[in-house]
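All residue numbers in this chain count up from 1 along the given sequence. Being a predicted model, the structure only gives us computed values, none of them experimental.
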Amino acid sequence: DQEKYYLGENNENNEKSGKQNFYKTSLQAVQVRGVESYNIIAEEIVYKNSGVSDSCSVLVGAHYDCIPMGGKGADDNGSGVAALLSIAATLPQVTKLSKLNSQNKEKASRCKMILVAFTGEEAGLYGSKEYVNNMNLHEYMNNKEKPLNLRSVIILDQLGYVSEEHKNEVIFETVAT
């Protein structure tokens with residue numbers, strides 16, 4: 001796996017430059033019908049008194065592949081990837097608000113976010129299966145002593161789809177554990 005850090009401001013670990021890393025990113029290799037591809041993973045870095053808890057997580061994902069011939073890639077799933085990128089870009093500002101709105105500055109007001117762009121969905125959910133099968137590699141990224149404690153998973157898929165028959169519908173899928 002390749003790892004990088006990016007995005008942010010005002011870091012307690014980098015006071016000299018005044019910059020803060022906001023995400024720990026990595027590429028997870030996935031074999032999709034014999035061809036190497038990658039899941040792209042961005043895990044929010046949790047800093048002390050940030051208003052974010054590292055004791056729980058919320059995963060937001062979208063697949064970035066599309067049907068090769070005749071598919072509508074802008075919707076399936078360019079729309080989901082656009083939403084995922086918007087969340088990634090907006091999250092630093094949301095974190096600032098979480099910290100400001102927290103009644104108790106020592107207590108976090110939300111869970112850390114894990115953002116994943118999955119590969120190989122159209123070919124058979126290869127990327128998401130690989131991620132789930134290897135979650136233990138990512139569950140201890142920030143702190144080996146704390147489990148992932150995944151509270152919610154939100155998958156963004158075909159957000160731009162509209163038809164006359166279903167123009168006012170939103171589909172929510174849930175799985176009980």
Side-chain angles (χ1 to χ4, degrees), residues 1-8 21-47 50 52-92 94-95 108 110-161 170-177:
D1 283 351
Q2 299 176 8
E3 295 182 357
K4 294 184 179 178
Y5 298 88
Y6 72 100
L7 258 182
N21 297 318
F22 198 78
Y23 296 106
K24 180 177 183 179
T25 62
S26 61
L27 297 176
Q28 180 183 40
V30 179
Q31 289 295 317
V32 179
R33 295 184 177 166
V35 176
E36 186 170 67
S37 188
Y38 297 93
N39 285 334
I40 304 164
I41 303 159
E43 182 173 348
E44 183 177 13
I45 298 171
V46 178
Y47 293 99
S50 67
V52 178
S53 172
D54 66 349
S55 65
C56 60
S57 302
V58 173
L59 186 144
V60 181
H63 71 92
Y64 66 87
D65 63 320
C66 66
I67 297 172
M69 300 298 284
K72 294 180 168 82
D75 182 34
D76 188 10
N77 191 31
S79 59
V81 172
L84 186 68
L85 293 173
S86 293
I87 291 167
T90 305
L91 199 54
V94 171
T95 301
R110 69 167 179 84
C111 297
K112 84 175 164 190
M113 303 292 288
I114 301 170
L115 309 176
V116 184
F118 293 106
T119 187
E121 191 266 355
E122 300 293 357
L125 302 173
Y126 285 91
S128 55
K129 287 176 184 175
E130 184 71 19
Y131 184 82
V132 169
N133 289 338
N134 292 290
M135 279 181 83
N136 62 341
L137 298 176
H138 299 286
E139 98 182 85
Y140 302 111
M141 280 175 118
N142 287 333
N143 187 340
K144 294 181 189 257
E145 302 300 318
K146 292 187 180 179
L148 184 63
N149 193 10
L150 193 59
R151 296 278 176 92
S152 183
V153 175
I154 302 166
I155 301 298
L156 308 167
D157 195 0
Q158 293 188 315
L159 303 179
Y161 178 76
V170 176
I171 300 170
F172 292 97
E173 297 180 42
T174 60
V175 177
T177 56

Smallest heavy-atom separation, Asp76 atom then Cys66 atom, equals O-CB, 3.1 Å
Rounded to the nearest 0.5 Å, how far does CG of Asn133 lie from OH of Tyr131?
12.0 Å
Under the rule for side-chain contact (heavy atoms from CB on, under 4.5 Å), what residues qualify as partners of Val153, not counting sequence neighbours?
Leu59, Leu150, Ile155
Mind checking side-chain hydrogen bond (donor to acceptor under 3.5 Å, both in side chains) for Glu130 and listing every partner two or more places apart, or none if nothing turns up?
Asn134
side-chain hydrogen bond (donor to acceptor under 3.5 Å, both in side chains) with Asp157: which residues, sequence neighbours excluded?
His63
Using every non-hydrogen atom in the two residues, find where Thr119 and Ser37 come nearest and quote the distance to one decimal.
OG1-OG, 2.6 Å
Taking all non-hydrogen atoms of both residues into account, name the closest pair between Tyr23 and Ala42 and its distance.
CD2-CB, 3.9 Å
Smallest heavy-atom separation, Tyr126 atom then Gln31 atom, equals CD2-O, 3.4 Å
Who are the side-chain contact (heavy atoms from CB on, under 4.5 Å) partners of Ile87, not counting sequence neighbours?
Val60, Leu115, Leu156
Residues forming a side-chain contact (heavy atoms from CB on, under 4.5 Å) with Cys111, sequence neighbours excluded
Cys56, Val58, Arg151
Check whether Asn77 reaches the backbone of Gln158 with its side chain - one donor and one acceptor, N or O, closer than 3.5 Å.
yes
Those residues at least two apart in sequence (or on a different chain) that pass side-chain contact (heavy atoms from CB on, under 4.5 Å) with Leu125 are Glu121, Ser128, Lys129
Over all heavy atoms of both residues, which pair between Ala83 and Leu159 is shortest? Give the atoms and the distance, please.
CB-CD1, 3.5 Å
So, taking the atom named CZ in Phe118 and the one named OH in Tyr64, what distance separates them when rounded to the nearest 0.5 Å?
11.0 Å
